[in-house]
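To start, the structure itself, in structure tokens.
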Amino acid sequence: MSTAGATSNTTTLNRFHSAVNSGDLEVISKAIDEFCAPDMLFHAPVPMGATGAQALKRVWEVLLHAFPDIHVAVEETIAEGGKVVSRNTVTGTHRGEYQGLPPTGRTVTYSEIFIFRFVDGRIAEIRGVVDVLAQLRQLGARPS
């Protein structure tokens, strides 16, 4: 893939992150429909019972319910060929039920790294590592 293709993929991912940071589930859902292949492969901690783009929509539904002010700050992006890697810092306030935990009002800050594989300008595969342990410790669900 050319440098222009890698740049285009990075631009697409930036647009996706802008939608995610809108805090509006409808905007996020439309962005997923626009930027992700419907049968996208999703390798990350996701709710069971959904696959592809639907799984990603479900993740954002759960996250926005639990952390209505969630914000993904992109710290670093690396693009090569058809892949874009994004290292992010996520922040939010626990205002809704999350993983069985009632709202605590606590803020969380945690790290994540995602590898996005693009095919024909759309996200075809996502591999993610999310620091869920840090998240749960900050919510008081796990000892420090």
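For residues 17-39, no pair satisfies ring-ring contact (aromatic ring centres under 6.0 Å, His included), with sequence neighbours left out.
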Would you sort out whether E61 and R58 count as a salt bridge (charged side-chain N to carboxylate O under 4.0 Å, His left out), showing the intermediate values? CA-CA 5 Å; E61 182 181 327; R58 181 71 181 120; 3.1 Å; yes

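Of the inter-residue distances, the one linking T91 atom OG1 with F67 atom CZ reads 10.5 Å to the nearest 0.5 angstrom. One distance of note links CD1 of I126 with CG of L41; it measures 9.5 Å at 0.5 Å rounding.
The aromatic rings of Y98 and H94 lie perpendicular to each other, with more than 60° between the two planes, well past the 30° mark.
Looking at L101 and L136, their side chains come closer than 4.5 Å, going by heavy atoms from C-beta outward. No side-chain heavy atom of F114 sits under 4.5 Å from any side-chain heavy atom of V84. At a threshold of 4.5 Å between non-hydrogen side-chain atoms, the residues V119 and R117 count as touching. In this structure, the side chains of P103 and H65 stay at 4.5 Å or more apart for every pair of heavy atoms. Using a 4.5 Å heavy-atom cutoff, the side chains of F116 and N9 are not in contact.
No side-chain donor from either of D131 and S111 sits under 3.5 Å from a side-chain acceptor of the other. In summary, the side chains of E125 and H43 do present a donor paired with an acceptor at a separation below 3.5 Å, with no hydrogens or angles considered.
Residues forming a salt bridge (charged side-chain N to carboxylate O under 4.0 Å, His left out) with R15 (at least two apart in sequence, or on another chain): E34. Taking the side chain to side chain contact (heavy atoms under 4.5 Å, CB included) definition, one finds that Q54 meets it with K57, sequence neighbours left out.
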